[in-house]
Amino acid sequence: CFCLKKAKQHPGYEDPTTLASETPFTVNEVEALYDLFKKLSSSIIDDGFIHKEEFQLALFRNRSKQNLFADRVFDLFDIKRNGVIEFGEFVRSLSIFHPNAPNEDKMEFAFKLYDLRQTGYIEHEELREMVSAILNESDLEISEDVVESIVDKTMAEADLKGDGKIDKEEWKEFVARNPSILRNMTLPYLKQITLAFPSFVLNSEVQDSDI
Amino acid sequence: AFFNAFEFISSMSSGFDLSSLFENQ
């Protein structure tokens, strides 16, 4: 079968039907994502996995650009924590960014992303570190005092229990009051993926309506 | 001025803007 053949040839490849059943994607869309995955995973080392340098190259057109948030996203996509992103991990992680994915999943992903040291909390120092990282990558010049006041003000708004850190419950309430902070968690491209990466035209003999 | 630090991060972060994965290919 077509899928078994691919699985043999490409380590980490997973059956699109399985991936479609676990995500908001159709089988055709998973096939199209495989086209994108192939491009990304062969840009430096053609081994069927996305390495961090390949991820950086895809995001920034620069394989050695260091970026705190790209690192965090890569680490969260790398569900098995083996240093590379496999096809199944790529599809499952991207599915959270689908316009139809549950908001709960988007909130959870963003929380993990901002919980830099994976303590289960977003701490004052972590928030400060992230704001500083953004300032370093932009041309904005904001004084330390202003940075501190933005961070203090945000912590005061989000940290309802007043213990100096934001837990998941507080995060949910904060996001509910400020929904725009999840804007990066939705990728409109994922609704038209088969147009951008039309592998289904060649590969899929199955109509999504038949599944 | 930015309303809160998370708003600032999500608006400004290039590393957390995955649309580039599609646009740059």
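The sequence lines fix the lettering, A, B, ..., with proteins before strands; numbering per chain opens at 1.
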Output yes when [X] and [Y] qualify as a salt bridge under the 4.0 Å nitrogen-oxygen rule, no when they do not.
{"X": "A/Asp115", "Y": "A/Lys112", "result": "no"}
{"X": "A/Arg177", "Y": "A/Glu157", "result": "no"}
{"X": "A/Glu89", "Y": "A/Arg81", "result": "no"}
{"X": "A/Glu129", "Y": "A/Arg117", "result": "yes"}

Can you tell me which portion of [X] sits under 4.5 Å from chain B's heavy atoms? Options are side chain, backbone, both or neither.
{"X": "A/Arg61", "value": "both"}
{"X": "A/Leu40", "value": "side chain"}
{"X": "A/Ser138", "value": "side chain"}
{"X": "A/Leu59", "value": "both"}
{"X": "A/Ile166", "value": "side chain"}
{"X": "A/Phe37", "value": "neither"}
{"X": "A/Leu182", "value": "neither"}
{"X": "A/Val131", "value": "both"}

Of all of A/Asp71, A/Asn184, A/Thr154, which one pairs up most often with chain B through heavy atoms under 4.5 Å apart?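 Most heavy-atom pairs within the cutoff with chain B belong to A/Asn184.
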
Can you pull the salt bridge (Lys or Arg N to Asp or Glu O under 4.0 Å) pairs that have at least one residue in residues 133-142 of chain A, sequence neighbours excluded?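 For residues 133-142 of chain A, and leaving out neighbouring residues, there are no salt bridge (Lys or Arg N to Asp or Glu O under 4.0 Å) pairs at all.
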
Listed by chain and number, what are the ring pair (Phe, Tyr, Trp, His ring centres under 6.0 Å) partners of B/Phe6, not counting sequence neighbours?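 B/Phe6: ring pair (Phe, Tyr, Trp, His ring centres under 6.0 Å) contacts with A/Tyr114, A/Trp171, A/Phe174.
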
Can you spot which of A/Thr26, A/Val30, A/Asn28, A/Leu33 makes a side chain to side chain contact (heavy atoms under 4.5 Å, CB included) with A/Ile193?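 Looking at A/Thr26, A/Val30, A/Asn28, A/Leu33, the match for A/Ile193 under the side chain to side chain contact (heavy atoms under 4.5 Å, CB included) is A/Leu33.
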
